[in-house]
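So you know, we letter chains A, B, ... as the sequences are listed, proteins then strands, and number each from 1. From a predicted model like this one, the values you see are computed outputs, not experimental measurements.
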2 protein chains.
Amino acid sequence: MTFVENVSQKLKALAHPVRLRIVMLLAKEGEDMYLNQIANKLEINRALAKIHLKKLERGNIVKSRIVLLDGEARALRYYSLGDFDIHISPELLKQEAEK
Amino acid sequence: MTFVENVSQKLKALAHPVRLRIVMLLAKEGEDMYLNQIANKLEINRALAKIHLKKLERGNIVKSRIVLLDGEARALRYYSLGDFDIHISPELLKQEAEK
DNA sequence: GATATATGTAATATTTTGATTACATGTAAT
DNA sequence: ATTACATGTAATCAAAATATTACATATATC
């Protein structure tokens, strides 16, 4: 994957208001959350939250894991933030372009 | 304009591969360029380059000015990079979310 | 006058994205 | 058995983004 492809994908993942709100929610809470928590907190449709979380995962902005509830035959999928660090300025792009 | 709206707009402007290529071209060349130069260099349709440049201008990633050619009754519209500096990480978003 | 270079934009078509609704499944508690 | 939560996804509709083609305009050069 080229630099342009990689950066485009990451930026695209973060560029949508709903997705940015999800990311900021996870950052603020500081702990992992599952789908219904996120949808309820942001007051958005659950299926919609799911769609956006998928895009965030594809962009490696968010990770998820399934957690079995203690002693119970139930599981929740928890979402957490990846360790992205996106920095873009004319100078940095110039450096990259000259590689 | 809220933080989310502002960031979304800027990221959206940079998120498209063609737009990112335009921005990297301007960064690399280090000097202003006009529409046809940009389209030729990137080997893309001129009208398409125009559309993307408009979006970059709306996101304040790129600026443009009309330059009268010396002694001639012609003018070119030159595009240059704005002074954006986008930095996004979980820590920075957490700070922002807690404001 | 024809050719090359430059601008701008309108119209159109295609593709992608975004959002809602609905259906299917399963566990736990009342 | 019903209610409350939780998951996942398919189907559909609406809206936005992307890309091409074409038209109009203007100047400079051959």
Side-chain angles (χ1 to χ4, degrees), chain A residues 4-5 7-23 25-26 31-59 61-80, chain B residues 4-5 7-23 25-26 31-59 61-80:
Chain A
V4 167
E5 286 170 344
V7 172
S8 295
Q9 190 185 43
K10 278 207 154 40
L11 293 182
K12 210 169 189 174
L14 282 168
H16 192 279
V18 168
R19 290 195 287 272
L20 191 52
R21 287 178 64 211
I22 290 174
V23 171
L25 175 61
L26 288 170
E31 59 185 33
D32 301 355
M33 298 177 77
Y34 56 87
L35 182 60
N36 275 19
Q37 284 182 313
I38 294 169
N40 288 336
K41 199 92 178 195
L42 298 182
E43 293 179 292
I44 57 177
N45 187 297
R46 186 178 59 82
L48 182 60
K50 177 72 174 181
I51 288 170
H52 285 301
L53 280 164
K54 266 188 187 162
K55 295 205 174 182
L56 286 168
E57 275 201 275
R58 277 192 228 112
I61 302 298
V62 148
K63 294 173 295 184
S64 80
R65 67 179 200 289
I66 294 174
V67 176
L68 287 168
L69 291 182
D70 211 34
E72 295 185 15
R74 281 196 305 168
L76 300 180
R77 177 180 297 278
Y78 275 94
Y79 293 90
S80 58
Chain B
V4 167
E5 286 169 344
V7 172
S8 295
Q9 189 185 44
K10 278 208 153 42
L11 293 182
K12 210 170 190 176
L14 282 167
H16 192 279
V18 169
R19 291 196 285 274
L20 191 51
R21 287 178 64 211
I22 290 174
V23 171
L25 174 62
L26 288 171
E31 59 185 31
D32 300 357
M33 299 176 78
Y34 57 85
L35 181 60
N36 276 18
Q37 286 183 312
I38 295 169
N40 289 337
K41 200 91 178 196
L42 298 182
E43 293 179 292
I44 57 175
N45 187 297
R46 186 178 58 81
L48 182 59
K50 178 71 174 182
I51 287 171
H52 285 301
L53 280 164
K54 266 189 188 163
K55 293 205 175 181
L56 286 168
E57 275 202 273
R58 276 193 228 112
I61 302 297
V62 149
K63 294 173 297 184
S64 80
R65 65 180 201 288
I66 294 172
V67 176
L68 286 166
L69 290 183
D70 211 33
E72 295 184 15
R74 283 197 304 168
L76 300 180
R77 178 182 295 277
Y78 276 94
Y79 292 90
S80 57

Nearest-angstrom distance from the residue atom [atom1] of [X] to [atom2] of [N]:
X       : N      : atom1 : atom2 : answer
B:Gln9  : D:dA17 : CD    : P     : 11 Å
A:Ile38 : D:dG8  : CD1   : P     : 11 Å
A:Leu48 : D:dA10 : CG    : C1'   : 16 Å
A:Leu69 : C:dA29 : CG    : C1'   : 14 Å

Salt bridge (charged side-chain N to carboxylate O under 4.0 Å, His left out) filter on A:Arg58, not counting sequence neighbours, yields none
Within-4.5 Å side-chain heavy-atom neighbours: [X] and [Y]:
X       : Y       : value
B:Tyr79 : B:Ile38 : yes
A:Arg21 : A:Val23 : no
B:Glu57 : B:Ser64 : yes

What do the steps show when you test B:Tyr34 against B:Arg77 for side-chain contact (heavy atoms from CB on, under 4.5 Å), and what is the final call?
CA-CA 6 Å; B:Tyr34 57 85; B:Arg77 178 182 295 277; 5.7 Å; no
Counter-base of D:dT18, judged by Watson-Crick or G-U geometry with both distances under 3.5 Å:
C:dA13
How long is the span from the CG atom in A:Leu53 to the CZ atom in A:Arg46, to the nearest 0.5 Å?
12.0 Å
Can you give one letter per nucleotide of nucleotides 4-17 of chain C, 5' to 3': B if a protein heavy atom sits under 4.0 Å from the base, S if only from the sugar-phosphate, - if neither?
--SBBB-------S
When you check the phosphate oxygens OP1 and OP2 of D:dA17, does a side-chain N or O of B:His52 lie under 4.0 Å from one of them?
no
